[in-house]
Enquirer: 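I am attaching a structure below and will ask some questions about it afterwards.
In the text below, chain A, chain B and the rest are named by the order of the sequence lines, each starting its count at 1. In this text, all values refer to a predicted model and were calculated from it rather than measured experimentally.
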There are 2 protein chains.
Amino acid sequence: MARAATTTDAFNAVAEPRRRQILDVLSAGERPVNDLVRLLRLRQPLVSKHLRVLREVGLVDVRDRGRQRMYSLNGHPLKPIHDWVKTYERSWSRRFDRLDVVLEELKETKEDNRGNDE
Amino acid sequence: MARAATTTDAFNAVAEPRRRQILDVLSAGERPVNDLVRLLRLRQPLVSKHLRVLREVGLVDVRDRGRQRMYSLNGHPLKPIHDWVKTYERSWSRRFDRLDVVLEELKETKEDNRGNDE
DNA sequence: ACATTATATACCGATATGGGCATATGTCAA
DNA sequence: TTGACATATGCCCATATCGGTATATAATGT
């Protein structure tokens with residue numbers, strides 16, 4: 001077996017820095033391929049390939065506009081990453097340090113009657 | 001050129017699900033290799049290899065205890081992932097939806113006189 | 001019909017992966 | 001010393017990557 005396909009996961013898709021850059025650009029709004037080519041200074045076929053990966057994991061949507069293809073961000077598949085990594089927050093954040101953690105978490109569960117979404 | 005090495009990044013290291021599992025186990029406390037082998041039902045050499053990757057990106061620390069090697073979590077390298085993915089929260093969270101976003105963010109900046117860390 | 005522009009795909013090469021098994025290294029106990 | 005246990009490393013294979021170049025596909029303008 002080899003490494004998992006880049007199209008398996010958002011985890012795998014996003015491990016490639018250029019794909020993260022693409023998403024960063026798209027987060028400001030939809031863009032045709034050539035914009036990305038110019039902004040990121042990459043060859044066009046490379047951008048198209050990266051976009052394919054991003055599309056296959058659902059991180060971008062496409063829309064035809066004349067001879068252009070407008071790509072837009074769809075962050076949904078990033079949620080699992082966020083959820084997973086969030087549970088480790090305590091291991092770098094001061095606020096979640098050592099003994100305080102219990103108290104802190106009690107406090108949180110109270111505060112969570114505030115902004116639960118989804 | 002090929003895909004970036006798994007040891008390049010936390011991004012790359014963590015793209016492999018078994019490595020995430022290892023971290024999940026270690027988040028409860030340090031463990032010798034054989035514990036991981038048993039808990040995750042993987043062959044010992046495989047676990048050792050995954051641990052090597054995790055060590056090289058700084059996600060785990062090792063400590064010798066007799067003939068065992070105790071591995072422990074070090075979440076710090078995960079922070080960049082968290083920071084990056086956090087900026088996309090709005091694209092899946094109800095709370096950050098569309099027009100509300102401005103109002104919502106204003107509200108946040110007020111609330112942020114609450115728990116800023118680091 | 002043709003040329004131009006925008007994008008996608010095909011093919012190639014180099015590389016390093018994850019998992020398999022076998023073996024080396026290291027530590028303790030009799 | 002010898003043996004048992006714990007872990008790391010070496011070597012093999014199949015695979016898919018990223019990037020490059022060349023070409024296909026598609027839409028527009030003349």
Side-chain angles (χ1 to χ4, degrees), chain A residues 1-23 25-26 29-73, chain B residues 1-26 30-73:
Chain A
M1 203 176 288
R3 221 206 282 206
T6 53
T7 53
T8 307
D9 249 351
F11 278 100
N12 282 278
V14 150
E16 160 65 60
R18 259 150 304 239
R19 280 194 291 262
R20 259 173 283 150
Q21 285 182 38
I22 290 177
L23 295 179
V25 172
L26 294 183
E30 71 174 354
R31 290 280 196 179
V33 179
N34 254 331
D35 275 21
L36 297 166
V37 171
R38 266 180 261 117
L39 289 166
L40 305 180
R41 314 178 120 256
L42 301 172
R43 324 246 167 189
Q44 177 267 314
L46 189 51
V47 173
S48 282
K49 283 177 204 164
H50 282 315
L51 285 169
R52 188 145 190 0
V53 174
L54 292 172
R55 229 185 352 168
E56 284 193 36
V57 297
L59 278 167
V60 299
D61 295 325
V62 213
R63 176 173 76 84
D64 284 28
R65 194 181 69 175
R67 50 182 140 186
Q68 296 184 317
R69 314 205 74 199
M70 303 299 288
Y71 281 86
S72 56
L73 175 70
Chain B
M1 202 175 290
R3 219 205 286 206
T6 53
T7 52
T8 306
D9 249 353
F11 278 100
N12 282 278
V14 150
E16 161 65 60
R18 261 153 295 244
R19 270 182 311 251
R20 259 172 283 149
Q21 286 181 37
I22 289 178
L23 295 179
D24 290 343
V25 172
L26 293 183
E30 70 174 353
R31 290 280 196 180
V33 179
N34 255 333
D35 275 22
L36 297 166
V37 171
R38 266 180 262 116
L39 289 167
L40 306 180
R41 316 179 118 253
L42 301 172
R43 322 245 167 192
Q44 176 267 314
L46 189 51
V47 172
S48 283
K49 282 176 200 165
H50 282 315
L51 285 169
R52 187 143 189 1
V53 174
L54 292 172
R55 229 185 353 169
E56 285 192 34
V57 297
L59 277 167
V60 299
D61 297 324
V62 214
R63 176 174 78 84
D64 283 27
R65 195 182 69 176
R67 48 183 140 183
Q68 296 184 316
R69 313 205 73 199
M70 304 298 287
Y71 280 85
S72 56
L73 175 71

Enquirer: Side-chain contact test, heavy atoms from C-beta onward, threshold under 4.5 Å: evaluate it for B:Leu46 versus B:His50 and give yes or no.
Expert: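 Answer yes - side chains close enough.
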Enquirer: Atom CG of B:Asp9 and atom P of C:dT17: how far apart are they, to the nearest Å?
Expert: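 Those two atoms, CG and P, are 13 Å apart.
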Enquirer: Rounded to the nearest angstrom, tell me the gap between atom CG in B:Asp35 and atom C1' in D:dC5.
Expert: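 So the CG-C1' distance, B:Asp35 to D:dC5, works out to 14 Å.
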Enquirer: Between A:Leu51 and A:Val62, does a side chain to side chain contact (heavy atoms under 4.5 Å, CB included) hold up when you go through it step by step?
Expert: CA-CA 10 Å; A:Leu51 285 169; A:Val62 213; over 6 Å; no
Enquirer: With a 4.0 Å cutoff (strictly under), does any side-chain N or O of A:Arg67 reach OP1 or OP2 of C:dT7?
Expert: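 For C:dT7, neither OP1 nor OP2 has a side-chain N or O of A:Arg67 closer than 4.0 Å.
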Enquirer: A:Thr7 and A:Val57: which non-hydrogen atoms are nearest, and at how many Å?
Expert: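 Shortest heavy-atom separation between A:Thr7 and A:Val57 comes out as O-CG1, 3.4 Å.
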Enquirer: Nearest whole Å is fine: how far is C:dT7 C1' from A:Glu30 CD?
Expert: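 Going from A:Glu30 (CD) to C:dT7 (C1'), I get 16 Å.
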Enquirer: Where is the tightest heavy-atom contact between B:Tyr71 and B:Leu26, given as atom of each residue plus distance?
Expert: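 Distance-wise, the nearest heavy atoms are O-CD2, 3.4 Å.
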Enquirer: For the residue pair B:Ala5 and B:Asn12, what are the closest heavy atoms and their distance?
Expert: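 Heavy atoms of B:Ala5 and B:Asn12 come nearest at O-CB, 3.6 Å.
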Enquirer: Without decimals, in angstroms, what is the distance between A:Arg55 CZ and C:dT7 C1'?
Expert: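 Result: 11 Å.
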Enquirer: May I ask you to verify if any side-chain N or O of A:Asn34 is less than 4.0 angstrom from the OP1 or OP2 atom of C:dT7?
Expert: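 Answer yes for this pair, as a side-chain N or O of A:Asn34 is under 4.0 Å from OP1 or OP2.
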Enquirer: Can you pull out how bent the helix from C:dA1-D:dT30 to C:dA30-D:dT1 is, comparing the axes over its first five and last five pairs, to 10°?
Expert: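 The end-segment axes of the helix from C:dA1-D:dT30 to C:dA30-D:dT1 are tilted 10° relative to each other.
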Enquirer: Output yes when at least one side-chain N/O atom of B:Tyr71 is less than 4.0 Å from OP1 or OP2 of D:dA8, else no.
Expert: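 Yes, within the criterion.
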Enquirer: If I take atom CG in residue B:Leu51 and atom P in nucleotide D:dT9, what distance separates them, rounded to the nearest angstrom?
Expert: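 Distance check: B:Leu51 CG to D:dT9 P gives 11 Å.
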Enquirer: Which heavy atom in A:Ala4 sits nearest to a heavy atom in B:Arg3, and how many Å separate them?
Expert: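 Looks like O-NH2, 2.6 Å.
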Enquirer: Test: salt bridge (charged side-chain N to carboxylate O under 4.0 Å, His left out). Region: residues 7-20 of chain B. Which pairs qualify, not counting sequence neighbours?
Expert: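 Only A:Asp9-B:Arg20, A:Arg20-B:Asp9, B:Glu16-B:Arg18 qualify under salt bridge (charged side-chain N to carboxylate O under 4.0 Å, His left out).
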Enquirer: Would you list the protein and nucleotides 16-24 of chain D atom pairs, both N or O, that sit under 3.5 Å from each other?
Expert:
residue: D:dT17; atom: OP1; partner: A:Thr6; partner atom: N; Å: 3.3
residue: D:dT17; atom: OP1; partner: A:Thr6; partner atom: OG1; Å: 3.1
residue: D:dC18; atom: OP1; partner: A:Arg19; partner atom: NH1; Å: 3.1
residue: D:dC18; atom: OP1; partner: A:Arg19; partner atom: NH2; Å: 2.8
residue: D:dC18; atom: O2; partner: B:Met1; partner atom: O; Å: 2.1
residue: D:dG19; atom: OP1; partner: A:Arg18; partner atom: NE; Å: 2.9
residue: D:dG19; atom: OP1; partner: A:Arg18; partner atom: NH2; Å: 2.2
residue: D:dG19; atom: OP2; partner: A:His50; partner atom: NE2; Å: 2.9
residue: D:dG19; atom: N7; partner: A:Lys49; partner atom: NZ; Å: 3.4
residue: D:dG20; atom: O6; partner: A:Lys49; partner atom: NZ; Å: 2.3

Enquirer: Measure CZ/B:Arg31 against P/D:dA6 and give the value in whole Å, please.
Expert: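 It works out to 15 Å between those atoms.
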Enquirer: Find out whether A:Leu23 and A:Val60 are in side-chain contact, i.e. whether some heavy atom of one side chain is under 4.5 Å from a heavy atom of the other.
Expert: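 Yes; the side chains approach each other to less than 4.5 Å.
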Enquirer: Taking all heavy atoms of A:Ala13 and all of A:Val53, pick out the closest pair and write down the distance.
Expert: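 Closest approach of A:Ala13 to A:Val53, heavy atoms only: CB-CG1, 4.1 Å.
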Enquirer: OP1 or OP2 of D:dA8 less than 4.0 angstrom from a side-chain nitrogen or oxygen of B:Arg52, does that happen here?
Expert: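 So the side-chain polar atoms of B:Arg52 never come under 4.0 Å of the phosphate oxygens OP1 or OP2 of D:dA8.
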Enquirer: Quick check: on DNA chain C, is the nucleotide nearest B:Asp64 upstream (toward 5') of the one nearest A:Ser48, or the reverse? Name the residue that is more 5'.
Expert: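 Looking at the nearest nucleotide for each, A:Ser48 comes out on the 5' side.
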Enquirer: Figure out the CZ/C1' separation between B:Arg65 and D:dT7, and round it to whole Å.
Expert: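 My rounded result for the distance is 14 Å.
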